[in-house]
Amino acid sequence: QVQLVESGGGLVQAGGSLRLSCVASGTIFSINDMDWYRQAPGKQRELVAAISSGGSTNYVDSVKGRFTISRDNAKKTVYLQMNSLKPEDTAVYYCSADILDHTGRTHYYWGQGTQVTVSS
């Protein structure tokens, strides 16, 4: 069974930085896209950043220039470096990954989420 476990969330003042990590474990043959989403109270979940297996990246406009997504394929880990944080970045952050698992098919898996709170 595949699991994604996030870490690195917390409380930070505006202008500060946090680094989120997400580790995939279980029967994994390969990992395609790895993504970070976030969901603020009363809002829909939104895609924040994505990275392909080859390292191509995409970001939502609101975080461009402040957030950086990266991955370590050997460690099955995706990171989100968040700088110049703003109160509007406050949300639960989830990682997801498109994984080729023991079924021989790819499935999207989700982590349990990690809270990021930015105080003004």
Side-chain angles (χ1 to χ4, degrees):
Q1 193 135 12
V2 173
Q3 284 189 322
L4 298 180
V5 178
E6 301 105 333
S7 62
L11 173 64
V12 65
Q13 288 188 332
S17 298
L18 284 174
R19 188 192 195 208
L20 305 183
S21 301
C22 174
V23 181
S25 62
T27 304
I28 296 170
F29 292 106
S30 65
I31 304 177
N32 300 318
D33 289 355
M34 303 185 83
D35 311 312
W36 285 98
Y37 284 77
R38 66 186 178 187
Q39 187 166 20
K43 295 188 177 182
Q44 289 189 331
R45 189 173 297 189
E46 69 169 347
L47 177 62
V48 176
I51 185 166
S52 71
S53 57
S56 297
T57 59
N58 282 294
Y59 300 91
V60 67
D61 285 347
S62 60
V63 308
K64 285 180 180 177
R66 300 188 298 121
F67 291 11
T68 302
I69 189 171
S70 61
R71 63 191 285 172
D72 184 329
N73 291 328
K75 295 182 178 179
K76 299 184 180 66
T77 301
V78 62
Y79 305 97
L80 186 67
Q81 177 67 43
M82 305 186 294
N83 299 328
S84 302
L85 282 161
K86 304 176 181 180
E88 51 263 44
D89 294 318
T90 295
V92 178
Y93 284 71
Y94 299 89
C95 73
S96 68
D98 184 29
I99 294 174
L100 177 61
D101 60 22
H102 68 286
T103 66
R105 298 180 178 180
T106 59
H107 295 90
Y108 254 98
Y109 289 90
W110 291 85
Q112 80 288 351
T114 185
Q115 177 70 47
V116 171
T117 303
V118 184
S119 64
S120 56

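What's counted below: heavy atoms across the whole structure, side chains too, no hydrogens, waters or symmetry copies.
- Looking at heavy atoms from C-beta onward, Trp36 lies in side-chain contact with Leu20 at the 4.5 angstrom threshold.
- Checked by atom type and distance alone, the side chain of Glu6 pairs as donor or acceptor with a backbone atom of Gly113 at under 3.5 Å.
- When each of Ser120, Pro87, Ser119 is tested with Gln13 by the rule side chain to side chain contact (heavy atoms under 4.5 Å, CB included), just one qualifies, namely Ser119.
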Worked verdict on Tyr94 versus Thr114 for side-chain contact (heavy atoms from CB on, under 4.5 Å) | CA-CA 7 Å; Tyr94 299 89; Thr114 185; over 6 Å; no
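- Interatomic distance, Lys75 NZ to Ser25 OG, rounded to the nearest 0.5 Å: 15.5 Å.
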In sequence, state the C-alpha distance, the side-chain angles, and the governing distance for Lys76 and Ile28, and then conclude on side-chain contact (heavy atoms from CB on, under 4.5 Å).
-> CA-CA 9 Å; Lys76 299 184 180 66; Ile28 296 170; 3.9 Å; yes
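- Hydrophobic clustering (ILVMFWY, side-chain heavy atoms < 4.5 Å, transitive): Met82 and Tyr79 are in distinct clusters.
- Side chain of Ser62 to backbone of Val60: no donor-acceptor contact under 3.5 angstrom is found.
- For the atom pair OG (Ser84) and CZ (Arg66), the distance works out to 7.0 Å, reported to the nearest 0.5 Å.
- In terms of heavy atoms, Ser96 sits closest to Tyr108 at OG-CE2, 3.9 Å.
- Both the sub-6.0 Å distance and the 45° axial angle are satisfied by Arg45 relative to the ring of Trp110.
- Residues Thr27 and Asp101 bring no donor and acceptor atom of their side chains to less than 3.5 Å of each other.
- Here the straight-line distance linking atom CG of Asp33 with atom OG of Ser53 works out to 7.0 Å at 0.5 Å rounding.
- Side-chain contact between Val2 and His107: absent, with no pair of heavy atoms (C-beta onward) separated by less than 4.5 Å.
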Evaluation steps, side-chain contact (heavy atoms from CB on, under 4.5 Å), between Ile31 and Arg71 | CA-CA 11 Å; Ile31 304 177; Arg71 63 191 285 172; 3.7 Å; yes
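- Taking CG of Asp35 as the reference point, atom CG of Leu80 lies at 11.0 Å (rounded to 0.5 Å).
- With hydrogens and angles ignored, the 3.5 Å screen pairs no side-chain donor or acceptor of Arg38 with any backbone N or O of Ala91.
- Atom CD1 in Ile99 sits 9.0 Å away from atom OG in Ser30 (nearest 0.5 Å).
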Show your reasoning for whether side-chain contact (heavy atoms from CB on, under 4.5 Å) applies to Gln3 and Tyr109.
-> CA-CA 7 Å; Gln3 284 189 322; Tyr109 289 90; over 6 Å; no
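- Between Phe67 and Ile69, every side-chain heavy-atom pair lies at or beyond the 4.5 Å cut-off.
- Put simply, Tyr93 and Val12 are part of the same group of oily side chains (I, L, V, M, F, W, Y) that touch within less than 4.5 Å, one to the next.
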List the steps and the verdict of side-chain hydrogen bond (donor to acceptor under 3.5 Å, both in side chains) for Glu88 and Thr90.
-> CA-CA 5 Å; Glu88 51 263 44; Thr90 295; over 6 Å; no
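- Criterion: ILVMFWY side-chain heavy atoms under 4.5 Å apart, direct or through other members. Under it, Leu18 and Tyr59 are part of a common hydrophobic cluster.
- Met34 and Tyr37 fall into different hydrophobic clusters, where Ile, Leu, Val, Met, Phe, Trp and Tyr are joined by side-chain heavy atoms under 4.5 Å apart, directly or via other members.
- Remark: Lys86 does not engage Asp89 in a salt bridge, criterion side-chain N to carboxylate O under 4.0 Å.
- The distance from atom CD of Glu46 to atom CD of Gln44, rounded to the nearest 0.5 Å, is 10.0 Å.
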